[in-house]
There are 2 protein chains.
Amino acid sequence: MANIKDIAKMAGVSVTTVSRVINNYPYVSAEKAEAVRQAMKKCNYQRNINAVHLSKGKTFLVGVVVPFSNHPYFGLLIEGIANAALNNNYKLVLIQTNYEEVKEIEALTMLKDKQIDALIICSRICDWRVIEEFIEYGPIVLCEDAREKNISSTFVDHYKSFSAALNYLHQKGHSRIGYCIGRQSGTNSEQRDAAYKDFLKKNSLTYNPDFIFSGCFNFEDGEKVVTDLVQMKDRPTALLVTSDQVAAGILTCCKEHGIFIPEDLAIMGFDNQPISKVMHITTLEIPLVEVGRKLFFQAMDGETVSHEEIAVELIERETV
Amino acid sequence: MANIKDIAKMAGVSVTTVSRVINNYPYVSAEKAEAVRQAMKKCNYQRNINAVHLSKGKTFLVGVVVPFSNHPYFGLLIEGIANAALNNNYKLVLIQTNYEEVKEIEALTMLKDKQIDALIICSRICDWRVIEEFIEYGPIVLCEDAREKNISSTFVDHYKSFSAALNYLHQKGHSRIGYCIGRQSGTNSEQRDAAYKDFLKKNSLTYNPDFIFSGCFNFEDGEKVVTDLVQMKDRPTALLVTSDQVAAGILTCCKEHGIFIPEDLAIMGFDNQPISKVMHITTLEIPLVEVGRKLFFQAMDGETVSHEEIAVELIERETV
DNA sequence: CTGTTAGCGCATTCAG
DNA sequence: CTGAATGCGCTAACAG
């Protein structure tokens with residue numbers, strides 16, 4: 001395949017001139033520019049982007065770390081990032097970690113390698129100290145409350161929003177409240193658990209470990225929850241479910257087991273995914289696409305560290 | 001940041017030797033190797049991957065084109081590709097097209113640019129002729145029946161499987177059968193439509209355009225279908241739904257409208273997504289993760305053109 | 001086992 | 001407005 005030198009030769013100019021027309025620089029005479037364009041067309045010339053990257057020290061690639069890509073929560077986040085990226089001539093490198101630390105380190109290494117210009121971690125698994133070692137190599141952005149840290153983040157204050165949800169449920173008359181969550185570790189989960197425990201304490205309620213269901217990621221995980229629920233003698237009367245998908249699954253399975261919503265069990269979802277609207281699930285809206293967009297722009301602005309808190313909104317429907 | 005030359009100088013060897021230890025070549029004396037390793041550690045050396053790429057003419061990046069990433073169908077496909085890729089030291093570049101032709105061309109251009117080593121198109125929007133122009137630049141793999149074409153593909157024969165599903169429904173006593181589909185164009189959709197029309201003809205049934213619902217991608221799209229259904233005087237008695245998500249949405253909304261499944265309406269999904277199991281939806285299983293895996297390996301094997309047909313399996317549950 | 005040297009393809013001073 | 005020369009960081013003949 002033809003390279004810039006070939007084109008230069010063919011057009012009877014220097015490589016510099018070719019480079020200039022490729023990059024739309026001014027100060028090239030019309031005739032030479034035209035000659036170059038002719039030559040390029042004739043050879044079906046395409047510049048080697050790797051050479052550009054090497055030369056410029058930039059790749060226009062941004063890495064995105066997610067545990068799974070086939071999950072609506074991350075799907076929406078990715079969508080937001082992808083759209084912003086594409087509009088800014090950036091491409092996305094998706095790193096699916098399955099929550100394996102090694103994969104996340106691989107992603108970090110890509111930043112160090114300069115294979116990507118910046119890294120967005122949608123859900124962190126590595127310890128903060130290992131992340132820290134990489135910040136000198138390029139912008140790293142987190143989707144969790146990192147106000148204490150010296151890297152940018154876009155996040156919802158899960159302590160605050162979980163508290164709000166809890167209080168909402170309480171004021172609706174519930175005092176036996178449980179919650180469903182994905183993984184138990186992680187900043188977000190820890191914030192929620194803290195909110196939960198503080199809520200309990202404040203209202204002099206006792207902590208019941210059976211009321212906490214972890215490993216709840218997808219619709220189908222709602223089935224396990226209901227299976228457990230059915231076998232409990234003292235069931236919670238309300239459930240805070242950190243994903244609308246799971247809430248939908250619970251709702252569906254409850255119907256099968258004759259558990260009426262919200263009479264027997266109040267359910268509150270999270271995210272305001274489309275499914276929650278169809279199923280009339282009361283939920284806490286999180287504008288994930290917008291979060292993704294913001295994450296991207298923070299990743300682009302490697303200079304300044306900023307922390308954007310995203311407001312959530314309670315959407316009252318029919319499951320509480 | 002230190003480069004290979006600095007390390008060479010520091011270790012008192014040549015760059016080649018440094019390169020050799022970096023790449024674990026044999027034939028390097030233990031002492032020199034050790035000296036190099038020391039120097040690398042001391043400088044926290046990291047090789048610039050772009051230089052490697054330029055030098056080798058390879059990027060270990062494979063592009064994946066999907067219309068949306070937050071869709072369970074593509075999510076599963078991506079998962080399969082991503083896992084295979086990661087196990088083979090390849091990274092994934094995700095190109096979300098939203099079914100815009102330009103985006104797909106951008107992806108094709110990345111191949112031409114040599115920014116990616118191969119391209120997997122999970123759902124094609126471009127005309128075949130434009131794809132064709134790019135095959136000289138690197139392996140392009142399609143997830144659709146491309147047996148007539150000179151590029152590799154992994155696919156299910158949608159004509160065959162749709163026919164099988166139709167016959168199954170027919171033999172269950174249905175003759176008023178409709179179907180729900182994502183987009184109407186595209187190889188897969190056309191194959192299905194052909195199967196549908198042939199089925200109708202063979203059984204002397206009349207074609208009713210109202211029985212075809214397009215734009216059905218997600219759970220929430222089931223709502224529209226049911227809204228339409230409710231207003232029809234002569235409803236179909238069975239629906240073939242090309243996505244379990246949509247089937248689940250239809251099922252859920254039907255319940256709300258007092259339409260009993262399968263008595264009033266039989267529903268058959270596609271893919272055998274987890275949600276179909278929870279909701280007991282009869283479906284046609286497509287091993288998407290496996291499809292993704294195969295796509296990746298075809299993309300890697302740029303030499304040979306192969307076509308892998310994937311068998312589907314009918315999973316009988318309770319909605320037919 | 002080791003080093004020299006010539007690319008990989010392009011961008012970018014710096015003179016003219 | 002133009003081009004020669006240099007560098008980006010690394011790999012891979014090739015010669016020893």
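Numbered from 1 within each chain, the chains take letters A, B, ... in sequence-line order. All values reported here derive from a predicted model rather than from experimental measurement.
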* **Distance test, side-chain N/O of B:N23 to OP1/OP2 of D:dT11, below 4.0 Å** => yes

* To do: Over 60° means perpendicular and under 30° means parallel, so classify the ring planes of B:F60 and B:H53, tilted if in between.
  => tilted

* Structure fact -> Between B:V28 and A:A2, whichever has its closest DNA chain C nucleotide further toward 5' is B:V28

* Asked: Using a cut-off of 4.0 Å on non-hydrogen atoms, how would the nucleic acid contact of A:T16 be classed: base, sugar-phosphate, or nothing?
  -> base

* NZ/NE/NH1/NH2 to OD/OE distance under 4.0 Å, A:R293 and A:E290 -> yes

* To do: Name the nucleic acid region contacted by A:V18, choosing base, sugar-phosphate or nothing; use a 4.0 angstrom heavy-atom cut-off, strictly under.
  => nothing

* Structure fact -> Separation of C:dG3 atom P from B:K32 atom NZ, nearest Å, is 4 Å

* Please determine if a side-chain N or O atom of A:S14 lies less than 4.0 Å away from the OP1 or OP2 oxygen of D:dT2. => no

* Axis deviation across the helix from C:dC1-D:dG16 to C:dG16-D:dC1, five-pair ends, to the nearest 10° -> 40°

* Scan A:T17 against the nucleic acid and name what it touches under 4.0 Å (heavy atoms): base, sugar-phosphate only, or nothing. => sugar-phosphate

* To do: Answer yes when B:E34 and B:R37 have at least one side-chain N-carboxylate O distance shorter than 4.0 Å, and no when they do not.
  => yes

* Electrostatic pair A:K42-A:D6, nearest N-O below 4.0 angstrom -> no

* Asked: Between A:Y45 and C:dC10, does any side-chain N or O lie under 4.0 Å from OP1 or OP2?
  -> yes

* Respond yes when some side-chain nitrogen or oxygen of A:Y25 is under 4.0 Å from OP1 or OP2 of C:dT12, and no when none is. => yes

* Structure fact -> Per atom distances to the A:N3 side chain, the nearest of C:dC10, C:dC8, C:dT5 is C:dC10

* Structure fact -> Whichever of B:R20 and B:A51 has the more 5' nearest nucleotide on DNA chain D, that residue is B:A51

* **Whether A:Y99 and A:F217 hold their rings parallel, tilted or perpendicular, with breakpoints at 30° and 60°** => tilted

* Over 12 foreign heavy atoms within 6.0 Å of CG, A:N87 -> yes

* Short side-chain N/O contact to D:dT2 OP1/OP2 from A:S29, under 4.0 Å -> yes

